[in-house]
Number of protein chains: 2
Amino acid sequence: MRARFTLADIQQHALAIVDRDGLVGLTMRSLAGSLQTGAMTLYNYVDSREALEELVVDAVSALVEIPEPTDDWLADTRAVATALWRTFRAHPAAIPLVLTRRTSSRASLAPAEALAAALARGGLDGVDLFVAFRTVSAFVMGIAQNELAGRLSHEKDPASAAQRIEGLTQGVLPTLAELAPIGAAFTGQEFERGLTIILNGIQRTPRPASSRRTPHV
Amino acid sequence: MRARFTLADIQQHALAIVDRDGLVGLTMRSLAGSLQTGAMTLYNYVDSREALEELVVDAVSALVEIPEPTDDWLADTRAVATALWRTFRAHPAAIPLVLTRRTSSRASLAPAEALAAALARGGLDGVDLFVAFRTVSAFVMGIAQNELAGRLSHEKDPASAAQRIEGLTQGVLPTLAELAPIGAAFTGQEFERGLTIILNGIQRTPRPASSRRTPHV
DNA sequence: GTCAGATACGTACGCCGTACCTAAGTCAGG
DNA sequence: CCTGACTTAGGTACGGCGTACGTATCTGAC
């Protein structure tokens with residue numbers, strides 16, 4: 001028999017289901033239904049549910065629009081991080097998958113390579129490059145999780161989180177009480193400004209003597 | 001009938017199962033077995049599987065050893081972040097839960113309050129405080145996920161990740177190829193050094209005019 | 001034309017979360 | 001010391017999940 005589907009078909013339908021119905025909506029049967037076939041047919045393309053999820057991670061990673069390098073490594077680093085952030089924003093339900101799986105496929109490593117390369121163009125290498133790379137990517141992952149994936153399980157009230165915190169907060173958690181309304185009013189710029197903090201930190205953190213090799217910017 | 005269990009009993013057994021068998025090992029039946037009772041009995045204490053998971057998040061959050069404030073806000077911020085990191089390291093299998101749920105319980109907000117309070121003691125307030133808080137916590141969450149939760153699904157080979165990447169990497173991902181062996185040899189300090197980068201960035205990032213209220217350190 | 005290999009997909013099993021129900025233990029008011 | 005209202009224990013059962021297994025069907029090489 002000729003193969004009816006391609007992996008790309010499966011990725012596309014699976015991601016569409018995740019976007020529409022969330023992670024719980026993606027089951028072998030629901031995906032099979034979307035492809036108008038039987039659940040077991042999928043096992044001709046995919047080893048397991050687990051492998052299917054890696055395929056979704058790949059599909060999401062492939063959507064990251066990696067920018068062309070310029071001669072400004074700072075702007076490039078920003079651009080790669082922002083491209084990741086935009087993709088996460090477009091597919092928030094898939095974030096837990098992206099954060100959890102270690103695919104090591106080409107598609108999922110390409111954004112990491114672009115990020116590391118941009119930082120390397122800034123003069124970082126060795127352990128310093130590694131640390132900077134890890135820091136930026138941890139920030140992007142973490143804030144995606146906090147900002148985007150959190151909203152999925154919300155009840156209905158858009159600002160209910162802030163209100164719930166305020167309710168719990170009376171006097172016991174004074175700093176959070178101050179922060180909650182600010183956060184509610186401020187959505188959207190924290191990624192950009194947090195990234196600025198990190199990039200400034202990368203530029204202005206002296207390297208320990210043990211890891212110094214070449215002078216950097 | 002007298003209640004046989006307390007919520008604390010349930011939290012403790014559930015967390016023990018997660019630590020031993022991973023998230024997939026935690027089912028209503030396995031937890032009931034651990035408590036020597038029937039699965040349905042748990043529903044007298046917990047509304048649903050979802051609520052049970054929030055209880056686990058609470059249990060993990062309660063284990064964070066929040067340090068006493070000193071007069072050094074930088075050291076305090078470091079100490080809170082490190083306490084979170086230590087807790088995550090002790091319970092890596094629970095990290096996806098902690099990152100995914102938005103509990104808003106007292107226990108889970110206490111570390112956040114301590115972190116925000118330490119940053120506030122550094123002179124930050126308003127939007128700047130919010131951004132700094134989000135940046136640090138996103139970093140902690142992100143690096144916990146990357147460093148710790150990733151290992152769970154590894155095959156057996158301890159350094160297999162680096163090798164797999166190197167295999168895929170031949171010429172196509174040169175920067176990652178350079179980074180992979182460094183990362184493998186360097187485990188353990190990236191949290192500390194990444195945090196340094198961020199704290200330096202917080203101190204040395206000028207606030208935009210729009211959010212300037214009081215001069216800060 | 002035939003046959004080997006790939007592909008489609010139905011059936012069925014064990015495990016999951018949990019709705020529903022009944023039995024058993026607890027305790028207050030008489 | 002009853003008794004009845006209430007709380008908790010926990011069994012049964014159902015639908016949905018991932019998927020092992022088997023079989024039917026199509027395709028291309030010779």
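Every value quoted in this text rests on a predicted model; they were computed, and no experiment measured them. Computed over heavy atoms, backbone and side chain alike; hydrogens, waters and symmetry mates excluded. Lettering of chains follows the sequences in order, A, B, ..., and the numbering in each one begins at 1.
A 4.5 Å side-chain heavy-atom check between B/Ile66 and B/Pro111 finds at least one atom pair inside the cut-off. Contact check for A/Leu52 versus A/Leu31: side-chain heavy atoms found under the 4.5 Å cut-off. For the pair A/Phe191 and A/Val140, the minimum side-chain heavy-atom distance is below 4.5 Å. The shortest distance between side-chain heavy atoms of B/Val136 and B/Ile202 falls below 4.5 Å. Residues B/Thr196 and B/Arg78 are in side-chain contact: their nearest non-hydrogen atoms beyond the backbone lie under 4.5 Å apart.
Between B/Tyr43 atom OH and D/dA9 atom C1' there is a gap of 15 Å when expressed in whole angstrom units. Atom pair A/Met28:CE and C/dC9:C1' shows a separation of 13 Å (rounding to whole Å applied). Rounded to an integer number of Å, the gap from CG of A/Leu52 to P of D/dC17 is 14 Å. Rounded to whole Å, atom P of C/dT18 lies 10 Å from atom CD of B/Glu53. Separating the CZ atom of B/Arg49 from the C1' atom of C/dC16 is a distance of 9 Å, rounded to the nearest angstrom. The interatomic distance linking B/Asn44 (CG) with C/dA24 (C1') rounds to 13 Å, in whole Å. One atom, OH of B/Tyr45, and another, P of D/dT8, lie 7 Å apart when rounded to the nearest Å. A/Phe5 has its CZ atom 11 Å from the C1' atom of C/dT7, to the nearest Å.
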Just the atom pairs and distances: protein N or O near nucleotides 4-6 of chain C's N or O, under 3.5 Å.
from, atom 1, to, atom 2, distance (Å)
C/dA6, N3, A/Met1, N, 3.4

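The main-chain N or O of B/Gly25 is found under 3.5 Å from a side-chain atom of B/Ser30 such that the two form a donor-acceptor pair.
Of all the heavy atoms in A/Thr27 and A/Arg49, the pair that sits closest is CA-NH1, 4.1 Å.
The side chain of A/Arg4 places no N or O atom within less than 4.0 Å of a non-bridging phosphate oxygen (OP1 or OP2) of D/dC26. Residue B/Thr27 has a polar side-chain atom (N or O) positioned under 4.0 Å from OP1 or OP2 of C/dC16.
Closest approach to the A/Met40 side chain among D/dG11, D/dA20, C/dA8 is made by D/dA20 (side chain taken as heavy atoms from C-beta onward).
Within the nucleic acid shown, B/Thr41 comes within 4.0 Å of at least one base atom, counting heavy atoms only.
For the pair A/Ala39 and B/Ala39, nearest-nucleotide mapping onto DNA chain D gives the more 5' position to B/Ala39.
Contact annotation: side chain of A/Arg29 to base of D/dG18, donor-acceptor pair present below 3.5 Å.
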